[in-house]
Amino acid sequence: MANLNINIGRLQLKNPVMTASGTFGYGTEYSDFMDLSRIGGIFVKGTTLRERQGNPYPRMAETPSGMLNAVGLQNKGVDYFINHIYPTVKDIDTNIIVNVSGSTVEDYVETAEKLNSLEKIPAIELNISCPNVKEGGMAFGTSCLSAAQVVSSVRRVYKNELIVKLSPNVTDISEIALAVEAEGADSVSLINTLLGMAINIERRKPVLSTITGGLSGPAVKPVALRMVWQVAKAVKIPVIGLGGIMNAADAIEFMLAGASAIQIGTANFIDPTVSIKVVDGINEYLDRHGFQSVTEIIGALEI
Amino acid sequence: MANLNINIGRLQLKNPVMTASGTFGYGTEYSDFMDLSRIGGIFVKGTTLRERQGNPYPRMAETPSGMLNAVGLQNKGVDYFINHIYPTVKDIDTNIIVNVSGSTVEDYVETAEKLNSLEKIPAIELNISCPNVKEGGMAFGTSCLSAAQVVSSVRRVYKNELIVKLSPNVTDISEIALAVEAEGADSVSLINTLLGMAINIERRKPVLSTITGGLSGPAVKPVALRMVWQVAKAVKIPVIGLGGIMNAADAIEFMLAGASAIQIGTANFIDPTVSIKVVDGINEYLDRHGFQSVTEIIGALEI
Amino acid sequence: MKKFILDLKIKENRKLSDQYSLIILTSTEKLPEILPGQFAEVRIDGSSTTFLRRPLSIHYVDYEQNELWLLIQVVGDGTKRLAALKAEDSLNVILPLGNSYTEPETKSAKALLVGGGCGVAPLLYLGAHLKRSGFEVTFLLGARSKRDLLQLCEYERFGTVYTTTEDGTHGEQGFVTQHSLLNGSNFDYIYTCGPTPMMKAVARYAAKTKANCEVSLENTMACGIGACLCCVTDTINGHVCVCTEGPVFNITRLKWQI
Amino acid sequence: MKKFILDLKIKENRKLSDQYSLIILTSTEKLPEILPGQFAEVRIDGSSTTFLRRPLSIHYVDYEQNELWLLIQVVGDGTKRLAALKAEDSLNVILPLGNSYTEPETKSAKALLVGGGCGVAPLLYLGAHLKRSGFEVTFLLGARSKRDLLQLCEYERFGTVYTTTEDGTHGEQGFVTQHSLLNGSNFDYIYTCGPTPMMKAVARYAAKTKANCEVSLENTMACGIGACLCCVTDTINGHVCVCTEGPVFNITRLKWQI
Ligand SMILES: Cc1cc2nc3c(=O)[nH]c(=O)nc-3n(C[C@H](O)[C@H](O)[C@H](O)COP(=O)(O)OP(=O)(O)OC[C@H]3O[C@@H](n4cnc5c(N)ncnc54)[C@H](O)[C@@H]3O)c2cc1C
Ligand SMILES: Cc1cc2nc3c(=O)[nH]c(=O)nc-3n(C[C@H](O)[C@H](O)[C@H](O)COP(=O)(O)OP(=O)(O)OC[C@H]3O[C@@H](n4cnc5c(N)ncnc54)[C@H](O)[C@@H]3O)c2cc1C
Ligand SMILES: Cc1cc2nc3c(=O)[nH]c(=O)nc-3n(C[C@H](O)[C@H](O)[C@H](O)COP(=O)(O)O)c2cc1C
Ligand SMILES: Cc1cc2nc3c(=O)[nH]c(=O)nc-3n(C[C@H](O)[C@H](O)[C@H](O)COP(=O)(O)O)c2cc1C
Ligand code: FES
Ligand code: FES
């Protein structure tokens, strides 16, 4: 039994396996199937300053080895989270991390500020793939300038661990990673979904109500892994890798590429217990290869 | 039987189904399996000014619903093509289009110039996903400036139909499309492969000799379709769509999104006769929906 | 209700017609409690084009035989794989999911269960429940043609069965909502499942006759357990998940134009 | 040689051991001409993780019975699906692909066929060819253990069979290249297929004894027909495709350090 503990900055994980925002509810949805305390952390749903109804139906399309979603950040807002959800999740014996989303820099800042005070929320994950409504809807995370802007503003008010989640829909993701590192991000997570589309040819209409949506699942894994490798080479802060992880082998690929921890998203839908299996599989791999600690495989790719 | 004829600028296609560069050899590799004259065109291998050995083995990795390749433009050079290959392909009764690749603007220009004189080559496709060796290896197609530069230079010497093949590894592909349109591209084709990576966890090494490689196949289809839709809205020149097309339904999605024609790549490996089936399937769809001509479905998506 | 991930064993996979199959599943352990209207998320193995699980209604549960029935209509590769499963194969399911149909409040209430196409699936188990609770149950089942009206004898165990077919090969010709039964009788509770246009027509009839009406909605689902928020429908309370707050909705909650 | 895409029918799928299966295929039409050393690209259906075809050597062709044999070693999901195919199932193959082993030029030549693991597959058909052409054939087959030495009687039909096993459960203990046969006899032509380290050792022995030596290379293939250029190996003529200029190479053409 190797040592699976890992630290992401000040965030202490019992193992590097966490679940991705928007794919694991508030964790409680999965408690019938697994012991939530066995994983390193849970990234809860995208949370915004005010309640959002999200996008109209249909919001989902299956694609080859993946899916498109257009949920559109449906959530009841940060105050509801604090008053009604936080009490039900704060005693889960793992890290509960809130994914913070917004439409303006001010939104992010206010939401982060409110979460600052919650004792059992050790970190937030800034989802900078949201459209910046003041800048014509371009996602914050697609330019160094707007990414830096939102991170520096949030950094000023948020004292705990600040994870910035990068958008993959960019020419050079390490450039964005460097920009947010410079503004005080404690770590970065990647990737969010790739922008995709599907068409119903019989009806000659887009499948999703929003025309385009976010692609996730194993289809994106090669792209995600490449980006994690590029970012891990570029920055000094820890990197959390995700995108298409279905099993322990996939998770280990991300760690070898330089991720200190990983998140599992879409795979939860196919096997709600997959995260536990990934913990066990990583442990088995470490033992088989004679590693004492999971830290030994981070970035251990031989080029 | 609907009318499948379509024109891409001055290029006349008997139907919108063509095969993608690097996946169909010079066409002759497939002649045992199908009648090459039944498809609209064949994009032959990436051709460079001088012979290239390509990358070392291993060059390929299977991925979920896709594959990574790192062939690295292995080819015998444009002179060999002109003297030895052109004579064997020029009488195939379909459009033979040469995919032109290079490491410097001069490479592209010289190669295009040489192909200009070949009577039976009605068009070239400029592959601007190649690394620009004079600019630190950034792909030409990842900045408007270098994309425009190579296109304008080639445009000056190349008189026939100039198709520019766009790289999907960018923040905003319509920006690049507009830039090459402005420099005189007659049409654009997209997408080339997405940059990806795979790791062999037992050996702790990248699977590909080049570490990263190009992702193709159905995994990328949602991204390709989204980009075709974005570009078709942005430019006035015709768009050729590709990326993960496996069957007629996929091809029709691209046409509804705005593509005037499509290319089939990786699918040829799984079914060497797939392009013929796509021609037949498009025809069946047009008949079933009462369309007289394939032109009626181009961009016919109802939003 | 506690949800389970179970590997059930196929006891029998009965081809009912060209398009329909009845899968009878069993388990070495006692099947959990399942309510009428609930569904399962079924993992599809060995399909190169199917990635997500597939939601399927619980057609029937026979606790004596420890059997769970699924009624499958083959529409794509996922359901095709299910129809091809053989006895002794195993099937991974997550269940029970979603809410359920609610029983009438007064014991004397007359219940009409209206199903069309594959939408008849949950009504069998619902009919069995209602009958056991002492209600008078009437089924009104519609299909395109006689061969799509499946296992009527099963429904007859729990109530009177009326049918319509579009081609007139069984029962009255036309759609369920055109059946003559609807002119005479008066029902207090109407439960329906099937194509949306049919359910809307049923809802209209219910509204007109002031019957209580519950419909079971379909939706595209990724998780089936309320985690992804992909399966919303618009209600008077805003967007709610069909997989947790449904699939059964009282029509008064929906924003249907009826 | 003309290539074909064929839907062959499984006549029998014989499990030879834990890991190995012998698939006997047949066709309603006469099988095309196939040379020893050639291979097929096989489509894998019903695997959610297998996207590309899989290259498999032609193990044997029996034109009298119109049978084509494939020897499968289960290593991943693709080969697992193949091993699970049942009689009457169909299998889509592209064949014949690649070049072939070349016959010795002099009729008196003594041929040694050295195989290890699944690399024994093409040697059966090669042995049959060589014997038919009048050459003296000797097989030297290596495996980890007795149970991995498959169907030796088939090889015995065409030549003398020597074996080695790593655990000594059959033939001499050790690797093929340690077999005592290699001390005494002298062979003019050595043909080999198996793991690269084994083939390199065989090539070394061949170089030492001045025997002509042909090896069959494995490689990651996408198309199998020379279209994608994914399957290169480095030769004295630069990068060449294993699927068209190979899989069989004379060692003098390779850049192996031997
Ligand atoms: C609560 C609920 C209960 C259902 N009960 C039954 C039942 O008892 N028996 C039955 O045969 N079918 C039932 N369905 C429908 C069934 O889920 C779909 O027919 C099935 O998912 C199609 O899968 P496929 O791979 O065969 O087809 P696909 O090739 O995936 O698609 C064929 C059609 O099915 C639709 N579809 C695809 N995926 C989903 C999905 N995840 N959710 C909903 N629709 C989808 C597509 O839009 C398409 O029109 C139910 C659906 C829901 C939501
Ligand atoms: C010319 C040639 C002839 C062959 N003949 C035989 C034979 O007669 N019998 C036999 O059992 N096997 C043979 N192989 C090997 C066989 O192709 C692989 O074992 C098979 O592709 C693995 O598929 P999988 O899905 O079971 O395993 P995967 O899960 O895909 O992979 C398991 C292992 O096989 C390797 N592999 C995967 N895909 C390929 C590929 N396309 N080409 C080569 N290796 C791959 C992987 O690197 C991995 O180590 C031959 C290979 C070549 C190139
Ligand atoms: C249904 C769904 C909802 C998602 N919601 C969010 C969200 O609210 N915030 C966020 O940062 N990412 C969200 N994501 C993205 C995932 O967290 C993850 O980055 C992405 O799905 C890639 O990982 P995967 O391939 O393992 O799913 C969502 C993804 C899915 C599939
Ligand atoms: C093995 C392989 C080699 C390729 N070589 C080239 C090339 O030389 N030039 C080029 O522009 N694109 C090349 N491509 C990209 C394809 O032409 C196509 O853009 C891409 O594969 C996406 O389409 P697909 O998903 O249908 O394969 C290659 C793709 C593959 C798989
Ligand atoms: S399907 Fe995921 S919330 Fe309903
Ligand atoms: S596998 Fe495509 S060229 Fe050899």
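Below, chain A is the first sequence line, B the second, and so on; all start at residue 1. This is a predicted model, so every value here is computed, not measured.
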Exercise for the section: For residues A/Met197 and B/Leu301, report the shortest heavy-atom separation together with the two atoms involved. Expected result: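 Heavy atoms only, the tightest pair is CE-CD2, 3.6 Å.
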Handout entry: Under 4.5 Å from a heavy atom of chain A, the part of B/Ile211 involved
Key =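 Just its side chain gets close to chain A.
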Exercise for the section: Check whether B/Gln230 gets within reach of chain A through its side chain, its backbone, both or neither, counting any heavy atom under 4.5 Å. Expected result: side chain
Handout entry: Spacing of CE belonging to B/Met227 relative to OG1 belonging to A/Thr212, to within rounding of 0.5 Å
Key =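 So the CE of B/Met227 and the OG1 of A/Thr212 are separated by 11.5 Å.
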Practice task
With rounding to the nearest 0.5 Å, note down the distance linking CD1 in B/Ile199 to CZ in A/Arg226.
Solution key: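 Here the interatomic distance stands at 13.0 Å.
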Exercise for the section: Name the member of B/Glu302, B/Met138, B/Lys205, B/Met246 that forms the most heavy-atom pairs with chain A at distances under 4.5 Å. Expected result: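 Answer, by heavy-atom pair count under 4.5 Å with chain A: B/Glu302.
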Handout entry: Option in A/Thr142, A/Ile297, A/Leu225, A/Leu195 with maximal non-hydrogen atom pairs under 4.5 Å from chain B
Key = A/Leu195
Fill in the blank from the handout: Answer key: most heavy-atom pairs under 4.5 Å with chain B among A/Leu68, A/Thr63, A/Leu194, A/Ile303 is A/Ile303
Problem - chain A-proximal positions within residues 213-222 of chain B [heavy-atom distance under 4.5 Å] - result: B/Leu215, B/Pro218, B/Ala219, B/Pro222
Exercise for the section: Considering only heavy atoms, give the residues of residues 247-257 of chain B separated from chain A by less than 4.5 Å, sorted numerically, with 'none' for an empty result. Expected result: B/Ala249, B/Ile252, B/Glu253, B/Leu256, B/Ala257
Handout entry: A/Ile201, part contacting chain B, at a heavy-atom distance under 4.5 Å
Key =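 Both backbone and side chain of A/Ile201 come within 4.5 Å of chain B.
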Handout entry: Partner of A/Thr171 under side-chain contact (heavy atoms from CB on, under 4.5 Å), chosen from B/Val170, B/Asn169, B/Asp172
Key =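 Answer after filtering B/Val170, B/Asn169, B/Asp172: B/Val170.
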Practice task
Take atom CZ of A/Arg288 as the centre, draw a 6.0 Å sphere, and report whether it contains more than 12 heavy atoms from other residues, nucleotides or ligands.
Solution key: yes
